[in-house]
Amino acid sequence: SVGQALGGKAFTNQPCIEVRDKGENRLVGENNMLIVAALYSNPSNGTLSPDNSRYAPVREGIAQFRNLSIDKTGIGYRLSFTLMKRDGEHLIEMKVAALGEG
């Protein structure tokens with residue numbers, strides 16, 4: 001969704017991601033995953049920070065981000081999110097599709 005934020009300040013509305021399976025059921029039993037946030041569109045060459053806040057653990061199918069900010073003001077920033085699954089000490093990127101995609 002579209003939001004507004006001030007450069008260098010934590011977003012007022014932090015991203016909250018719900019993880020669902022192919023049948024649209026929230027993955028409530030999966031707690032060994034995390035979501036990684038990144039800048040998808042970066043028109044003003046900003047930096048998403050703080051670095052440790054770019055990772056949100058999935059708890060009962062929900063990943064809640066905290067304290068994310070972009071250091072430079074600009075129009076058109078977009079975030080992307082990647083689902084990762086923990087496999088021992090390694091992280092494995094999972095195939096994901098946005099709602100409405102096959």
Side-chain angles (χ1 to χ4, degrees):
S1 69
V2 176
Q4 293 182 342
L6 297 173
K9 302 282 185 187
F11 304 153
T12 302
N13 296 315
Q14 293 289 316
C16 182
I17 309 296
E18 183 176 51
V19 180
R20 298 180 185 188
D21 65 16
K22 198 171 190 174
E24 292 297 318
N25 303 299
R26 187 164 47 138
L27 294 179
V28 295
E30 290 282 342
N31 291 320
N32 62 337
M33 297 182 293
L34 58 94
I35 303 281
V36 181
L39 284 172
Y40 173 76
S41 175
N42 191 354
S44 297
N45 201 29
T47 301
L48 185 63
S49 62
D51 195 53
N52 64 343
S53 291
R54 296 185 319 108
Y55 305 88
V58 176
R59 300 282 184 249
E60 297 301 313
I62 301 289
Q64 176 65 61
F65 287 87
R66 303 193 191 296
N67 301 316
L68 283 178
S69 67
I70 299 173
D71 65 338
K72 296 180 182 173
T73 58
I75 297 173
Y77 285 113
R78 294 180 73 189
L79 298 177
S80 66
F81 301 95
T82 303
L83 177 64
M84 306 292 282
K85 185 170 184 173
R86 292 185 185 113
D87 181 20
E89 293 185 21
H90 300 88
L91 290 173
I92 301 169
E93 186 172 339
M94 306 295 291
K95 180 180 178 185
V96 290
L99 291 177
E101 292 183 4

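- Taking CZ of R54 as the reference point, atom OG1 of T82 lies at 9.5 Å (rounded to 0.5 Å).
- The side chain to side chain contact (heavy atoms under 4.5 Å, CB included) test applied to I62 returns C16, E18, R26, not counting sequence neighbours.
- Annotation: the span from Q64 atom CD to I17 atom CD1 amounts to 9.0 Å, rounded to 0.5 Å.
- Taking CG of L48 as the start and CG of D71 as the end, the distance is 9.5 Å to the nearest 0.5 Å.
- By the 4.5 Å heavy-atom criterion applied to side chains, V19 and I35 are counted as neighbours.
- Listed by chain and residue number, nothing satisfies the side chain to side chain donor-acceptor pair (under 3.5 Å) test with N52 (two or more places apart in sequence, or in another chain).
- Contact detail for V28 and E60: the closest heavy-atom pair is O-OE1, 2.7 Å.
- Put simply, the side chain of L79 reaches to within 4.5 Å of the side chain of L39, judged on heavy atoms.
- Heavy-atom minimum distance, G46 versus I70: CA-CG2, 4.1 Å.
- Residues F65 and F81 bring their aromatic ring centres within 6.0 Å.
- For S44 against G74, the heavy-atom pair with the smallest separation is OG-CA, 3.4 Å.
- Here R59 contributes atom CZ and L34 contributes atom CG; the two are 9.0 Å apart, rounded to the nearest 0.5 Å.
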